[in-house]
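Below: one structure, written as structure tokens.
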Amino acid sequence: MRIALLGFMLESNGFAQPADEAEFRAKLYLEGEALLTDVRAPGSRDPGGIKGFVEVMDAQGPWTPVPLAITSAGASGPVEDGFFRRFLAHLEAGLRAALPLDGVYIESHGAATGTAEDDPEGILFTAVRDIVGPDVPIVSTLDLHANVSQTMVAKTDVLISYITNPHVDMRERGQDAARAMLELLAGLRTAKAFIKLPILPPSVSLLSDRGPYGEAIARGLEMQKDPAILNVSVLGNFSLGNGPKNGMSVIVTARGDQHAADTAAREIATTLWSQRHRLVANLTPIDTATQMLRAACDDPSHPALLFADVADNPGGGARGNTSAILKAFLDAGIDRTAFAIHFDPALAAEAHAKGVGARFAAHLNTAETHPDSAPLTASAQVMALSDGRILGRRGLLADRTLDCGPTAWLRLEDRIDVVFVSIRHQCMEPAMLEHLGIDLRHLRGLVVKSRGHFRAGFDDIFTDAQIIEVDSPGLVTPMLHRVPWTRLPRPIWPLDNVEWTAPDSVAVGS
Ligand SMILES: [Zn+2]
């Protein structure tokens, strides 16, 4: 069995700067044997899909993996078209050279847009199908925030999305993909149903353990106990994509039984639609958050607080360097509080040049042009420095390595600690602070630039009741009425009044 392995992962924020080749290569680019070596070793850089896929395939017996390439820019803007075309051509050449193939696994995010294309994944899946032909199984995993097109469903045999948010199941879904591949190789033919819902949910309403979205995922898992159903994927969409693929999606893949797929998809979509009014954001204004932290600092019996700077989450393509909360906390005299992680390569480099212990006037965001990333100046002391290579210990990054580039822990105004990094990432992993020597258990406040993945990383220190989602400026604000939408399919709820019922025809052929 010769199975090709490849990956293209990008969550495109329609309002962020394009993701170019340099950004993809800085974040993740593995090809050939190096890809296979990575996923078979501890501390893998692969997000998890290929690792899980290879684990199951290795366990079932002899096979021939054909590792082509994977690249990921995490979340950023639309993919720059020149790089997308070059990467696609590289994969196409690799596939043609590898023929004959028995199957293809694609690790995808599914919410990419491009500077020239609305549906990069649809183009990729079509290209793969055109090369391998109609009878070779193609299986892909998708992030739970994927913006799915009809083409993506049509060109693959099964799409499998994550079911946990925070995403701690990327490897397990890769394992599911391998098990589906083995069934397809044994002769299974799938029947697929796909429903697009005109719902644009605020990002913070899509946690998988609560609310209508969690209930839909739970119902899908229940349905998968029916032998007729191979997979149920309920996709929350990435609202800030601002593209024609936006909207929540339901994909049901049955073991040949089209009626079972259609019925299951209609039930989940109809229930989600009826519960959409519960998909809401309840954010705390910055001044209220400041008062809450003031109270926690004044009263040692008060639990410490974690503030999520959800709108400036680099995991949704935000800049990762807005300073509104930091300014408010500095102005209010707050102490024993840490911020992580603030993207500012120039300041990190300056701290590295000056060395540990140095004191200087830190100028934040000197290289930034976005108005949300306001400049800020504060007295600073260099507390610790690192190369930013982190081995995660919890949640999404457990046992994975991540490169934040040259990193510096600065103490501002002798009161507030900030971790500055040189590669933009969201703060979802305690090691991002701890590797520098910051003791999270002695803080009164912690501010993380993350929408929700931090919940799986800091849950041993901060309970749900200690977490505050702050209403701050940023490119991924869940306050959807403030966003200058241009390319959404309209009408879409909650921006518009929409009448909707599940369509009569939901089956997808190939
Ligand atoms: Zn996601």
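Computed from a predicted model, the values in this text were never measured in an experiment. In each ligand, atom 1 is the first atom listed, and ligand 1 is the first ligand listed.
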- Message: Donor-acceptor pair, distance only, cut-off 3.5 Å: does the side chain of Asn13 make one with the backbone of Leu475?
- Response: yes
- Message: Using 2.8 Å as the threshold, say whether any N, O or S atom from His109 sits that close to the Zn ion (ligand 1).
- Response: no
- Query: Hey, are Glu215 and Arg219 close enough for a salt bridge, meaning a charged N less than 4.0 Å from a carboxylate O?
  - Reply: no
- Message: Please determine whether side-chain contact (heavy atoms from CB on, under 4.5 Å) holds for the pair Val148 and Val153, giving the CA-CA distance in whole Å, both sets of side-chain angles, and the decisive distance to 0.1 Å.
- Response: CA-CA 8 Å; Val148 183; Val153 183; 3.8 Å; yes
- the Zn ion (ligand 1) has as its nearest N, O or S atom from Asp143 the atom OD1
- Output all residues satisfying salt bridge (Lys or Arg N to Asp or Glu O under 4.0 Å) with Glu121, sequence neighbours left out; order by chain, then residue number. Lys245
- Task: May I ask you to check if any N/O/S atom from His145 comes under 2.8 Å of the Zn ion (ligand 1)?
- Result: yes
